[in-house]
Amino acid sequence: MSLYMDHSATSWPKPEMVYEKINDYLRYNGASPGRGGHKKSVAAGRLVEQTRKDLANFFNIEDSSRLVFSSNATEAINICLKGILNSGDHVIISSMEHNSVLRPLWALCQKGIELSIIECSQNGELDPQKVKSQIKSNTRLICVLHSSNVTGTILPIKEIGNVAKEHEILFMLDTAQTAGVIPIDVIEFNLDILTFTGHKGLLGLQGTGGFYLRSGVEIRSWLEGGTGSASESHAQPEEMPDKFESGTANTPGIVGLGAGVRFIEEVGLEKIQKHEESLIEALIIGLKDIENVILYGPLDPTRQSAVLSFNIKNVDCSVVSHLLDNVYDISCRAGLHCAPLAHKTIGTFPSGSCRLSPGYFHTLEDINKVVGAIFDIEKMYR
Ligand SMILES: Cc1ncc(COP(=O)(O)O)c(C=O)c1O
């Protein structure tokens, strides 16, 4: 039986109810939400708004209109960074960030943004004091990920949020690796901006994601067009979420995302988190004693999300992942995982690592099979 160990890239399979809700929408509705007064359009609009409300509730967002849908986390991050930063602004990030944050910021540096990248420890951990020490009079934004897609390392978000609040600096969190598996509370974390992706831990489809903007935080619109509202006006509506949602929505995707969130609520986030912790713990225990296997990250299930990077000494990670795929039918990702600075931080640049990322539907038996396969591969190369 094949084992899909690439949930950090995208989760699969989805809960049955995700497939069912999308199927129902496509077969029995299929209309464009909020475009016209006919029954199907109104019903489709309700489905979109229900997902918005469910997600807002999930992140403890009081006003669901502050939650905007986008195509993925990358788009959400770009909209927020480019909509809020001006020439002369200073931004602080960590060395574990994904290219979805690094590349827009490097592009913005060409337009006069100043960037400070805080070096994390070799297992990806960030000292909040270092964030404090980088603050300058023009610091506008602190932007970090919740957990690394390379090592799983969870960053001290509450502490960083407190630093941001104390210095009246905007705080933006990339929850691509944690939404749906680790509790997130915009109030408790003092978040001004949260970006999320729908197709990983939230168990929805690819092509979904979005962001939350705290009330009072205003950013430039990025795309003008039809919103189904204030159509007589030449100007893009200022109302949320219409300001950022021009064009026909990805309704099947949003319906699926809503079902993913409902599944998580029904199972219980705590149960999902505990199960994923047990899987990653078993992986760490199973792999750490295999000769020539090097593990990266905190190696503590309570300090990392369900991601484990490893290498076999003197064997290229792409060879290991190829063997896992073609001999053992285990899918995992090798290379730099779109996070070159994270690999510099942990000492695996430029070759990268093999990354295993199990999901909620895996069992300890699955993990044992992965450990056995890596044991065999290492023996083969000894
Ligand atoms: C930490 C992190 N941020 C952002 C993203 C971008 O997510 P998406 O591909 O859905 O835009 C990813 C995707 O892997 C990620 O791991």
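Order of listing sets the numbers, starting from 1, for every ligand and every atom in it. In what follows, every heavy atom counts, from backbone to side chain, and hydrogens, waters and symmetry copies are set aside.
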Which of the numbered atoms in ligand 1 are under 4.0 angstrom from any heavy atom belonging to [X]?
X	result
Ala176	2 (C), 3 (N), 4 (C), 5 (C), 12 (C), 15 (C)
Ala73	6 (C), 7 (O), 8 (P), 10 (O), 11 (O)
Asn149	16 (O)

Of [options], which has the heavy atom at the shortest distance from [atom]?
atom	options	result
atom 10 (O) of ligand 1	Leu102, Ile77, Thr197, Val150	Thr197
atom 1 (C) of ligand 1	Thr195, Asn78, Asp174, Thr175	Asp174
atom 16 (O) of ligand 1	Lys200, Gln206, His337, Gln177	Gln177

Would you please name every residue forming a side chain to side chain contact (heavy atoms under 4.5 Å, CB included) with Thr363, sequence neighbours left out?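 For Thr363 the side chain to side chain contact (heavy atoms under 4.5 Å, CB included) partners, ignoring immediate neighbours, are Glu365, Asp366.
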For ligand 1, indicate whether the residue [X] contacts it via side chain, backbone, both or neither (heavy-atom separation under 4.0 Å).
X	value
Thr74	both
Glu75	neither
Ser100	side chain
His199	side chain

Pair [X], [Y]: side-chain N/O donor-acceptor within cut-off below 3.5 Å:
X	Y	result
Gln177	Ser148	no
Glu114	Asn138	yes
Thr348	Ser353	no
Glu166	Asn162	no
Glu281	Ser278	no
Ser229	Glu239	no

Step by step, would you call Phe189 with Tyr212 a ring-ring contact (aromatic ring centres under 6.0 Å, His included)? CA-CA 13 Å; Phe189 291 180; Tyr212 153 74; over 10 Å; no
Return the closest protein heavy atom for atom 15 (C) of ligand 1 as residue, atom name and distance.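 Sorting protein heavy atoms by distance from atom 15 (C) of ligand 1 puts His98 CD2, 3.4 Å first.
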contact_flag Gly209 ligand 1 heavy-atom lt 4.0 Å: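 Not so, Gly209 does not reach ligand 1.
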